[in-house]
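To start, the structure under review is shown below, and the notes come after it.
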Amino acid sequence: MLDINLIREHPELVKKGAAAKRSDVDIDKLLYADEQRRKLIGQIQEFRAAQNVAGERIAKEADKDAKTKAVEEMRELKEKMKTLEAELAEAETTLHALLSLLPNMPSDDTPVGPDESGNVVIRTVGEPTKFDFKPKDHVELGEALGLIDNETGSEVAGARFTYIKGDLALLQNALHQLALSILTDEASLSAVIKEAGLDVPATPFVPVIPPLMIKPEVFQRMARLEPREERYHIPSDDLFLIGSAEHTLGPIHMDETFAEKDLPRRYVAYTPAFRREAGSYGKDTKGILRLHQFDKIEMESFSLPEQSRAEQDLFVAIQEHILKILGVPYQAVQVCTGDMGGPDSRQIDLESWMPGQDKYRETHTADLMTDYQARRLNTRVRRDGGEMQFVHMNDATCIAMGRLLIAIMENFQEADGTIRIPKVLQTWMGGRTHIGK
RNA sequence: GGAGGGGUGGCCGAGCGGUUUAAGGCAACAGUCUUGAAAACUGUAGAUCCGCAAGGAUCCGUGAGUUCGAAUCUCACCCCCUCCGCCA
């Protein structure tokens, strides 16, 4: 949700931003509803003030006739109030509906573009891996080594479900260990911050195991319930399965107020993510690139408004650090207005090189939501001076397991069909250097 | 799932139809006293909305209802606690 004051004071700016994000919300209609709302509130408050005065009179009045007369007057006031309150409710419904449809405004450095084609590659690290043999894709590698079983997955649960087995399951665990060893360690974070030249505190991430289901009203407050056809819903209990740990990490401080000294507050969670992948039939059907269920380590943080951009840069730096120590080639992409999520103000994606497809594919995303989610979640900070502000929220992938496993399998495959285990993961793989040997 | 109890301001806790501004305590902040601190005393303090402001309105888990008037009565829902059942 945007600040209504921003819309009132700079309607042209909001219209421009909304258009760039391909929203067709009628801002003029929104402003009219806002005006109506304020007018009606004024009138209702006058009535209530009169009511309060009359109420006091009735309570104190000793004369019986005078009392009866005053009660009669109150009764009349009440009738008029009813009409006004109904009108107010209508104006508020309209206003809220339009406000929740309106996306966040893009940051000043976000490129304007219609869709994916407007995204801008901001840096490339490493080179696409070269092989002196014909590289296989992860499906071939996985089947040959007994690591991936899509066939049984679809027999048991349907298309886009899989079994990840053996050393690949161990490798996923190793990635989890690696990620937590960095995120929960202040010294490691300091090193990442220094390497990236950032000016942010090295506050460690608090590891969390959050709920995998969420109530619709909370989902709504996160501005993530839509697109609804993308969500799994459990009708018997009216709960949704989360599509990302972000969905239940974000509301962890709803209706709470931080003290300034408690920010930034950082969380990391390792959870499955459930996605219906509606509308992507026939797309990426091979292997484990696009599944209905995949595991993901997610970072989330609450920060002071003026520090949130640097916080996002830290999240990207952490992502890049992990890819670098693994040795996966990637490129960083600044996502344009037309391709961004609704609540996002600034989005940076990392795309890892996947030799099986001869392409960079999205493995990470880092979203700066500014105060867009915090406003509806009512997550605030009391500044040292006493002022109340909404916090800024950041959310980013730390490791999307399936996709990173693909990158590792395909980039580190050997001519003999085995897979080299990145050095930093070997401690958690029994000291072994290869899968399949 | 069944039975019972409960949700009041940062915290504890009174209020159970109208003298409305929610008693009282603790914690907080400022001041007095003190060499300094503690103690004591005095005072100040919440959030949201409308308004340029003065000021006004709202907020006792949430929502609806009864009433001229609701923290207080009714209903639904949510959450917490205790016991029983089931269960990793």
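Heavy atoms only: backbone and side chains are in, while hydrogens, waters and symmetry mates are out.
Look at A/Glu298 and A/Lys296 and you find a salt bridge, because one of the NZ, NE, NH1 or NH2 atoms lies within 4.0 Å of a carboxylate O, short of that distance. Salt bridge annotation for A/Asp109-A/Arg309: present, with a cationic side-chain nitrogen under 4.0 angstrom from a carboxylate oxygen. Salt-bridge formation is not detected for the pair A/Glu256/A/Arg380: no Lys NZ or Arg NE/NH1/NH2 atom is positioned less than 4.0 Å from an Asp or Glu carboxylate oxygen. Contact check on A/Arg37 versus A/Glu92 returns a salt bridge, with a Lys/Arg side-chain nitrogen under 4.0 Å from an Asp/Glu carboxylate oxygen.
Only the C1' atoms considered, B/rG18 is 31 Å distant from B/rC79, to the nearest whole Å. Rounded to a whole angstrom, the distance from the P atom of B/rU66 to that of B/rU72 is 15 Å. For the P atom pair drawn from B/rG15 and B/rG7, the interatomic distance equals 11 Å after rounding to whole Å. Taking atom P on both B/rA22 and B/rC41, the two are 24 Å apart, rounded to the nearest angstrom. Atom name P, nucleotides B/rG1 and B/rC86: the rounded distance is 16 Å, in whole Å. Across the C1' atoms, B/rU20 and B/rA57 are found 14 Å apart, a figure rounded to whole Å. Look at the C1' atom in both B/rU82 and B/rG17: the space between them is 32 Å, to the nearest Å. The separation of B/rG6 from B/rG61, taken at their P atoms, amounts to 13 Å, rounded to a whole angstrom.
Note: CG (A/Asn5) to C1' (B/rU48) measures 13 Å, nearest angstrom. Here the C1' atom of nucleotide B/rU48 and the CE atom of A/Met1 are 12 Å apart, to the nearest Å. The interatomic distance linking A/Gln45 (CD) with B/rU48 (P) rounds to 15 Å, in whole Å. Distance A/Glu92 CD to B/rG63 C1': 15 Å, rounded to the nearest Å. Taking atom CG of A/Leu88 as the reference point, atom P of B/rU48 lies 19 Å away to the nearest angstrom. Taking atom CZ of A/Phe47 as the reference point, atom C1' of B/rU58 lies 17 Å away to the nearest angstrom. When rounded to the nearest whole Å, the span between CG of A/Asn378 and C1' of B/rG61 equals 15 Å. We find that CD of A/Glu217 is positioned 14 Å from P of B/rC77, with the value rounded to whole Å.
Environment of CD1 in A/Ile234: crowded, with over 12 heavy atoms of neighbouring residues, nucleotides or ligands closer than 6.0 Å. Shown here is A/Met213, whose CE atom has no more than 12 heavy atoms of other residues, nucleotides or ligands within 6.0 Å. No more than 12 heavy atoms of other residues, nucleotides or ligands sit less than 6.0 Å from atom CD of A/Glu151. Heavy-atom neighbours of A/Gln43 CD from other residues, nucleotides or ligands within 6.0 Å: above the threshold of 12.
The side chain of A/Lys215 sits closest to B/rC78 out of B/rC78, B/rU58, B/rC50.
Both A/Arg37 and A/Met388 sit near RNA chain B, but only A/Met388 has its closest nucleotide nearer the 5' end. Residues A/Ile44 and A/Asp34 both approach RNA chain B. Their nearest nucleotides, taken by heavy-atom distance, put A/Asp34 toward the 5′ side.
Between A/Phe315 and A/Phe205, the ring-plane angle classifies as tilted under the 30° and 60° cut-offs. By the 30° and 60° cut-offs, the orientation of the rings of A/His253 relative to A/Phe302 is perpendicular.
Pairing analysis of RNA chain B (Watson-Crick: purine N1 to pyrimidine N3 plus N6-O4 or O6-N4; G-U wobble: N1-O2 and O6-N3; both under 3.5 Å) yields stems of 3 or more pairs at B:1-7 with B:78-84, B:10-12 with B:24-26, B:28-32 with B:40-44, B:46-50 with B:55-59, B:61-65 with B:73-77.
The distance between the ring centers of A/Phe219 and A/His247 falls below 6.0 angstrom.
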Between the protein and nucleotides 64-70 of chain B, list every N/O to N/O distance that falls short of 3.5 Å.
unit_1: B/rC68; atom_1: OP1; unit_2: A/Arg75; atom_2: NE; d: 3.0
unit_1: B/rC68; atom_1: OP1; unit_2: A/Arg75; atom_2: NH2; d: 2.2

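Side-chain nitrogen and oxygen atoms of A/Arg38 include none within less than 4.0 Å of the OP1 or OP2 phosphate oxygen of B/rC49.
Using a 4.0 Å heavy-atom cutoff across all strands shown, A/Arg8 reaches sugar-phosphate atoms only and no base atom.
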